[in-house]
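See structure below.
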Amino acid sequence: MLQVHDSAARWRSYFEETCANKISTLAASWPKQISFAIDFAEIQAWDVPFAELILNHPRVTIRNADSVLAGMCQESGYDAQPRLRIVGLPPDAMHRLRDISSDEVETFTTSEVIVTKVSELKPRIYNAIFTCSTCGNTVEISQPNELELVEPSECDENAGGCGRSTSGRGSTRFELRHSESTMIDNQWIEVQELPENVKPGSQPVRLSVLAEAELAGKHVPGERIRINGIPYVRTLKRGGAKTPMFDVYISMHSSERKNIPLEEIEISPTEIADIEKISQREDLVELFIRSIAPSIIVGEEKMNWIKKSLVLQLLGGVARKYGDGTRTRGDIHILLLGDPGVAKSQILSFMGRISPRGRFTTGGGTSAAGLTAAAVRDAFNDGRFSLEAGALVLADLGLCAVDEFDKMTADDRGAMHEAMEQQRININKGGVSATMPTRCAVLAAANPRDGRFKDVDWGDPSTYLHKQIDLPPPLISRFDMVWMIQDSVDSTRDRRIGEHIIRVKRTGVPEHLIESGHSVEPDQLLKEQMFTTDVDGNDVLTADFLQKYVAHAKRTYHPVSDDKVMDILVGHYTEKRKKMDDEVNSVSLTARTIEATLRMAEARARLFLRDYVTEDDAKQAIAMDGIWRHLANDSNINPADHTGVPRRAQSAERSIQSIVRNLGRELNGEFTTIDVYNVAAEQGFDEDTVDRMLRNIQNRGDIYAPSVGVWRIS
Ligand code: ADP
Ligand code: MG
């Protein structure tokens with residue numbers, strides 16, 4: 001039978017027979033390229049028992065492979081140490097993190113995970129060189145693990161040393177030669193099970209992973225990867241003393257990226273046929289509206305529009321990249337601003353559940369990383385800084401429902417503008433720096449400033465509705481739509497909602513019966529089904545099918561628009577701008593509005609599974625834009641249009657200039673564009689004005705930009 005100690009010989013035959021050429025090319029380009037990737041299937045095709053051996057004893061076999069590789073490089077005249085990276089492990093090596101137990105320790109396993117945290121890089125000694133302080137002879141010892149330094153115990157005579165040992169009479173000491181030893185980088189990574197593989201209500205399992213050499217620094221939080229590695233255990237220490245308990249870690253061997261949008265949702269050809277058939281239905285839009293949170297009553301006209309906007313949000317517009325390196329988002333952001341008890345939280349939790357890669361979180365959440373990201377010290381108990389992903393990063397390429405949006409931390413407030421518009425977060429703190437993507441649609445809910453909208457009294461400016469929102473206007477302007485939901489007393493409506501709530505309750509199954517095994521989980525019954533019925537007896541799509549429809553539409557259709565569509569959208573925008581009161585409200589119906597309506601039109605085209613935007617899509621989009629603005633105006637507010645402070649254009653430059661001067665003084669000469677936005681907003685300037693003015697000031701040479709979004713006084 002093939003034994004572990006045979007593996008060096010097997011590797012040599014394998015390399016020589018299958019990839020000798022590749023190895024000599026690699027030897028020549030080392031260390032620019034240090035890893036040598038092989039697909040597991042190729043080894044398996046070459047020798048099945050050998051492939052088995054690698055799966056069962058990865059640590060030794062891979063170490064042998066690396067020394068064989070180094071030997072072959074040496075023979076062809078290169079002093080190179082390439083690293084073998086095996087990818088594409090077979091399905092039987094696949095484990096969920098929660099299933100990794102003592103059986104998997106020290107075997108080759110692969111898991112699909114999302115990266116939640118990364119530490120800063122630290123070098124460690126990989127190959128240590130010691131000199132004997134008595135005779136000066138050098139000893140080389142390779143250091144297999146990061147926990148302890150393996151030191152020589154005697155100065156070996158066979159290797160030309162003096163034969164003294166490090167203890168007893170006439171002992172010697174060894175000195176570590178840092179400059180001659182070989183170092184490699186290492187990094188701790190925290191990974192978590194993919195949310196879609198975790199049952200609702202249970203916590204995803206997390207594990208710490210050690211990444212070394214070129215794998216350190218390869219991944220950023222929020223990435224979905226398949227990690228191939230070797231689980232290992234370490235003694236748990238309590239108060240400095242060892243205990244018989246162990247913690248499991250994974251030593252990363254290789255990784256494969258998984259960030260192809262929505263690939264985790266599998267759709268069969270029959271299901272695609274079903275989706276296409278449904279897309280032909282006359283009542284497609286109504287069917288979708290009914291299927292969004294069916295337990296929330298639709299009868300009311302406003303709720304109908306809100307649900308329609310949520311349908312568009314699910315599908316989203318098209319994100320695009322351009323030749324100059326810029327990108328525009330396709331995701332539609334929606335804010336629900338309303339009194340307590342109007343079902344905001346219910347809607348959010350529904351959307352977080354049914355949207356592909358959806359997440360539900362609250363603004364004042366408990367995680368240190370909050371909504372965006374945070375640099376935290378000592379997350380892995382070794383004093384290093386690490387970077388932790390917040391909810392928006394973890395919802396990359398999905399939807400993030402944020403309840404209590406107004407309760408978010410000051411840090412989040414600062415990072416949110418970039419996270420929502422550029423859809424990335426830049427963090428650079430304490431030796432760790434990374435750019436993390438936040439390409440998700442944001443559905444936020446917030447209460448008015450004092451918990452409830454107050455009646456507007458024109459004699460009292462503090463009751464003007466825009467004063468009742470506890471969010472800065474620049475942040476509000478990031479939303480494509482802002483819905484105001486006031487809880488006003490209206491007996492007919494109250495009765496309708498009341499009856500609806502009771503009728504919905506009647507359709508529920510008592511939780512006790514489910515848990516005692518007398519009834520089946522209702523959502524389990526609906527798995528694999530397309531339709532169910534709501535309390536009014538109408539057909540609605542099941543959450544499962546809705547998710548598949550959305551995933552299919554989003555990955556297959558990327559609608560484009562022609563000149564006619566452009567005319568409609570631009571016409572709407574210029575009309576609206578003309579009507580604005582130049583004196584007071586000229587602030588924020590900006591070019592953003594065009595982008596927002598285009599996204600809505602594209603989303604509607606996707607709903608119909610079309611690759612092009614029709615005039616009808618464009619008209620519906622501007623109707624939607626008009627409606628939310630109108631409803632907001634109806635309550636005397638138009639948050640995105642209104643900062644509440646009159647301004648005169650000619651003073652803009654002077655005001656911004658003085659803001660810049662003050663910020664420069666306060667912040668030691670360096671400040672960010674967002675700092676300027678925030679202060680300028682208080683004085684009634686929108687961001688486009690700020691951008692324009694900053695450019696003017698820059699052109700005059702008063703400030704310069706050391707990096708994107710950062711300014712310095714010259
Ligand atoms: P909010 O987050 O806005 O404070 P919740 O989502 O907690 O409100 O809703 C409170 C309760 O009222 C929920 O149980 C919800 O189902 C019910 N409710 C409120 N409005 C409606 C409505 N229009 N249709 C159905 N149920 C509603
Ligand atoms: Mg709530």
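Both ligands and their constituent atoms are indexed starting at 1 by order of listing.
For D480, the salt bridge (charged side-chain N to carboxylate O under 4.0 Å, His left out) criterion is met by R329, R599, not counting sequence neighbours. Residues passing the salt bridge (charged side-chain N to carboxylate O under 4.0 Å, His left out) test with D283, sequence neighbours excluded: R281, R290. Partners of P340 under the side chain to side chain contact (heavy atoms under 4.5 Å, CB included) rule, at least two apart in sequence or in another chain, are R452.
For the pair T438 (side chain) and A419 (backbone), a donor-acceptor distance under 3.5 Å is present.
The N/O atoms of K344, backbone and side chain alike, include one that comes under 3.5 Å of an N/O atom in ligand 1. For the pair G341 and ligand 1, the shortest N or O to N or O distance falls below 3.5 Å.
For the Mg ion (ligand 2), protein N, O or S atoms under 2.8 Å: 1 in total.
Under 4.0 Å from ligand 1, the heavy atoms of S295 that appear belong solely to its backbone.
A salt bridge does not link K548 with D274: none of the charged nitrogens is closer than 4.0 Å to a carboxylate oxygen.
Contact of the Q313 side chain with the M351 side chain is registered, since non-hydrogen atoms from C-beta on lie closer than 4.5 Å.
In this structure, S349 does not count as a contact residue of ligand 1, since none of its heavy atoms falls inside 4.0 Å of the ligand. Ligand 1 does not have G338 within reach: every non-hydrogen atom of the residue lies 4.0 Å or more from it.
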